[in-house]
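Comments concern the structure below.
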Amino acid sequence: MKDVILVQRRIPRCSESENQRKLAELRELARAGNYNVVQEVIQTRYPDRQYQIGKGKAEEVAELALSQKPAKIIFYNPLSVTQVYNLSEMCKCEVIDKFQLILEIFASRATTRRSRMQVELARLEYELPRARKIVSLLKMEERPGFMGLGGYEDSYEQDVKKRISRIKKELSTGQRDSESLRGYRHSEGFSLLSLAGYTNAGKSTLFRTLVDENVEVENMLFTTLSPTTRYLNINGRWTLLTDTVGFIEDLPHFLVDAFRSTLEDVFRADIILLVVDISEPVDIIRKKLAVSHEIFWEQLEKATIITAINKADRLFPEELSSRLKSIAYLAPNPVVVSAKTGEGLDELKDIIHSHLPEWKRFTLELPMSGESMSAVSWLFEEGIVHSVNYGHNIVMDVEARNEVYRKAKSLEKRLSFR
Amino acid sequence: MERIIAVDISGRHRHNSRYLMVCAAVSLSIAGGHVKQIHDVNIKPFVSDTPPEVVDVVQMIERTVEGMVGVTIVAEKGDLFNQSEWLSNSMFTASFKYPESLSERMGIEIAHHISLSSRNLLLDSRSWEPIKDNL
Ligand SMILES: Nc1nc2c(ncn2[C@@H]2O[C@H](COP(=O)(O)OP(=O)(O)OP(=O)(O)O)[C@@H](O)[C@H]2O)c(=O)[nH]1
Ligand SMILES: [Mg+2]
């Protein structure tokens, strides 16, 4: 883990608890970005054009940077190009703001080609308005290597623009991911489980606790998929469990698409495990749950939501049950767990098991026709085809979800009556 | 299991110099992220020469839900001119809130389909189809 210093400029007369919450959010993001916070610097004042914080405070940060040698200094407040330039010159250290940190996190978690492109697009859109300014700053300072480059000033901005339009075009051609889990699931017959929830809820801890029990089996039977997806045996049925990026409060507009794309796996799942940190203040829990429901409402097709009420070990039983009552309407299929102590995991598995889509094994007989042939390839995609015999009729031995079974059977009926 | 009344109003735009609105209220039970049961549906058409204001919206909703069983009325924030929830709640005699959960949104979606299609039915005189030619 790399060390970082966090800096927050607070707005005068803004509520203390609000300020605390924002700093806590930055701390959580830093942790999610795999950084270790060694120092936090706070100043309350109106913004400074040159340094965001006051110049004196900036010098203080520079001294800290000299002694602590952090990999980065991360500001809560959005920084202008000038500020980034001045601060990094003074501190001799890379300086970024909250948005750049979020972009880093997204970039590290984007699993599919599409989501990587979305994240790159967000980064470029963040950079575009700054591109010209960056070059002119560098020129002003006559930094070696830039003056001699002639047309560089124009070409840098042009270059960013070109890359933006290239990515947009590629995204709009709508090539769905072939590397995506969905295809994999269908060819192998796995159900997909996804963890979801706000950052710091305990998704990754729950992921590890659930998967750890399985480790040996996994290593023997399967190859590793990706760091964030693992095989998980739920009372005898194999599933794929995916950890995801946490929801982040107050995302700026240019980051929304990138965020959505990192959630692609969540929205394709059969079951979503919505992880909630029950030890937070109740009104915050309620607000976070409501936003999660809103995101699901816009994006979800038909996944079942199971609410994992996490960090139960942090509360006394009476407190826990009164909290459960007040959030019940926002917590479908609730299970109380502690990812840390392992409490409630068996119950969680039971409820997951009871919501796994039902699979059926059946024989299907179709007459030789074009329509039947497309049904065959559809079944290859949607289920496990154990055998196909092309004789006078096509006879298949298939295993698939209940709804696929029903569709296939009604097709069989329709085609055989012709 | 929780019982709510989901409400939606269609037709809040001018139509031949009048406002022809249909309010639909659906009393339903929700649980586990789903709508479990629909108990009751009320539909009421309203007409006005001037665009409806917040108090009119509150009136229309209260008159539509009259006699229905349910604890809380739920409607889209946009239907109450995006005013804050406590203000809207204070204008109703029953308790009122904006949707938060998936199931509350599903309830409003149902109410929306009902109000929209009943309004279409009322507006289109040709919607009375004869069953037999001689009717
Ligand atoms: N006491 C307690 N702490 C927990 C529990 N689960 C997780 N934590 C702690 O909560 C913090 C966040 O846990 P993570 O698993 O990294 O959270 P996350 O949801 O993956 O967060 P992001 O990846 O940032 O979205 C860590 O310090 C965990 O040790 C729990 O059941 N009890
Ligand atoms: Mg995590």
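- Other residues, nucleotides and ligands contribute more than 12 heavy atoms inside 6.0 Å of the CZ atom of Arg21(A).
- A pairwise comparison of heavy atoms in Gly33(B) and Pro332(A) identifies N-CB, 3.4 Å as the closest pair.
- The number of heavy-atom neighbours closer than 6.0 Å to NZ of Lys97(B), taken from other residues, nucleotides and ligands shown, is above 12.
- Tested against Glu100(B), the residues His293(A), Arg286(A), Glu294(A) include a single side chain to side chain contact (heavy atoms under 4.5 Å, CB included) partner, Arg286(A).
- Summarising the local packing, CD of Glu16(A) is surrounded by more than 12 heavy atoms from other residues, nucleotides or ligands at distances under 6.0 Å.
- Atom CD of Glu53(B) has 12 or fewer heavy atoms from other residues, nucleotides or ligands within 6.0 Å.
- Note that the NE2 atom of His34(B) and the OG1 atom of Thr304(A) stand 5.5 Å from one another [nearest 0.5 Å].
- Interface residues of residues 101-121 of chain B toward chain A, defined by a heavy-atom distance below 4.5 Å and sorted by number: Ser101(B), Leu102(B), Glu104(B), Arg105(B), Met106(B), Glu109(B).
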